[in-house]
There are 2 protein chains.
Amino acid sequence: MRGRAEETRERILAAAQECFARYGYDATGVAEICERAGVSKGAFFHHFPTKQAVFLELLERWLAGLGEKLAALRAGAPSVPDALMQMAGTAQQVFEAARGQLPIFLEFLSQAARDSRIWQATISPYRRYRAFFAGMIEAGIAEGSLRPVDPDAAANAILSLAIGLVLQATVDPDGADWGRIAQQSMGMLLEGIRRNNENLSI
Amino acid sequence: MRGRAEETRERILAAAQECFARYGYDATGVAEICERAGVSKGAFFHHFPTKQAVFLELLERWLAGLGEKLAALRAGAPSVPDALMQMAGTAQQVFEAARGQLPIFLEFLSQAARDSRIWQATISPYRRYRAFFAGMIEAGIAEGSLRPVDPDAAANAILSLAIGLVLQATVDPDGADWGRIAQQSMGMLLEGIRRNNENLSI
DNA sequence: TAATACATACCGACCGGTCGGTATCCAAAA
DNA sequence: TTTTGGATACCGACCGGTCGGTATGTATTA
């Protein structure tokens, strides 16, 4: 049996993620997490100093996973526009896989807007993502696939689009086919910054 | 002097808005609202049946105000692209005026993702906005200023952009000049859906 | 046996909401 | 004009319950 302790830790994290997504950070009690994890309160505070520490670890894992996914997609695409469209394409899977789990993203954001500790943990990867996209845009301009737009502005536009899509999919999951919407939206934005203006059917 | 009671109500609402923005809905105590409003707990529950009722009224006012603003901007613009750019242009004022108050937008969203009562109050105006933008896109296509894109998809793209911008400005207010970013982003998206493709310098 | 992993019992602070009572206001009566 | 009476506005002590976190004891592992 490998690491009983480690397994307990993971169970606590998984249970917490479910609770935070369903009820929100404040409205989730430590007792509820413990019950769902099949673990006592003592075990909880043995593995984590505070409730916030659990939240923070979930946040850090989530952000790290996101970063890896983005980098992998970029590396596997032949051109910058291709990479962007592929990222938009994976949105479908993301939305389906994370259905019901997405609200925790909102929870991450609203906590970050208030708690300086969580803000720091959030903002640093976020700025890396922004820089990552800006770098992609620059590369696209250099490779000739994009018009010479302001890379920072374009990166922000892409990020805004992505964040907005996730949020809408979170709050109104049945309001639209968000995977399709993601691709179409990215297609439109891309059309606005790509160099060759041959009309592709959207 | 009109209505002492009404003034008290307004003071409670204003105090609650500040608290919700600063601490979040759950973390805000009724006692804190009362203290900030200079009002007793009894007065609070005399004017509102529950804490949630206060939140709901703030939400409804906010959404109503947003709708009016959008309609006014649309009515005052000569063309659809003009209207969109003007809307993006007002972002600067919005961000500056609401600095520090923006987190309540996040609070609205995260509550809507959980509480069905608040979800209903949120989703109905939200869908109206979406229809409003879709109508604008159709009008733009009809007037010849926009390419024949899917109006719903374009409307969703615009909404995503707007939501994403507000969120980034909320979480990272000093991370960029969000007013400028809003204009540039909308400009790029617009470039992707407008008919005449003359290059405008961004 | 020493250290780690976990369980149970418990604490003080604080929560949203209630309640009995008081102050204020205004219309009608005197 | 003054009095009065009832409705409205407001107060603040208080309640049951829940919260995050702790203290202490027991089982498991090394």
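Proteins come first, then strands; the chains are lettered A, B, ... in the order of their sequence lines, and each starts at number 1.
Qualifying side-chain contact (heavy atoms from CB on, under 4.5 Å) partners for B:Leu102, counting only residues two or more places apart in sequence or in other chains: B:Phe95, B:Ala98, B:Val166, B:Ala169, B:Thr170. Contacts of B:Arg127 classified as salt bridge (charged side-chain N to carboxylate O under 4.0 Å, His left out), with partners at least two apart in sequence or in another chain: A:Asp172. Shown here are the side-chain contact (heavy atoms from CB on, under 4.5 Å) partners of B:Ala162, two or more places apart in sequence or in another chain: there are none. Residues meeting the salt bridge (charged side-chain N to carboxylate O under 4.0 Å, His left out) test with B:Arg114, sequence neighbours left out: A:Glu107.
What separates CZ of A:Phe44 from C1' of D:dC19 is a distance of 13 Å, to the nearest Å. Following rounding to the nearest Å, A:Phe45 (CZ) and C:dA7 (P) show an atom-to-atom distance of 14 Å. Rounded to a whole Å, the NZ atom of A:Lys51 is 14 Å from the P atom of D:dT22. The separation between A:Phe48 atom CZ and D:dG20 atom C1' is 16 Å, rounded to whole Å.
Under the 3.5 Å distance criterion, the side-chain polar atoms of A:Gln111 are left unmatched by any main-chain donor or acceptor of A:Tyr25.
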Contact state string [nucleotides 9-18 of chain D, B base, S sugar-phosphate only, - no protein heavy atom under 4.0 Å]: BSBB------
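For residues 46-66 of chain B, the salt bridge (Lys or Arg N to Asp or Glu O under 4.0 Å) pairs, not counting sequence neighbours, are B:Arg9-B:Glu57, B:Glu10-B:Arg61, B:Glu57-B:Arg61. Residue pairs meeting the salt bridge (Lys or Arg N to Asp or Glu O under 4.0 Å) criterion with at least one partner in residues 12-29 of chain A, sequence neighbours excluded, are A:Glu18-A:Arg22, A:Glu18-A:Arg36. Listed by first and then second residue, the salt bridge (Lys or Arg N to Asp or Glu O under 4.0 Å) pairs involving residues 65-81 of chain B amount to none (not counting sequence neighbours).
If you check residues 24-33 of chain A against DNA chain D, the residues with a heavy atom closer than 4.0 Å are A:Thr28, A:Gly29, A:Val30, listed by number.
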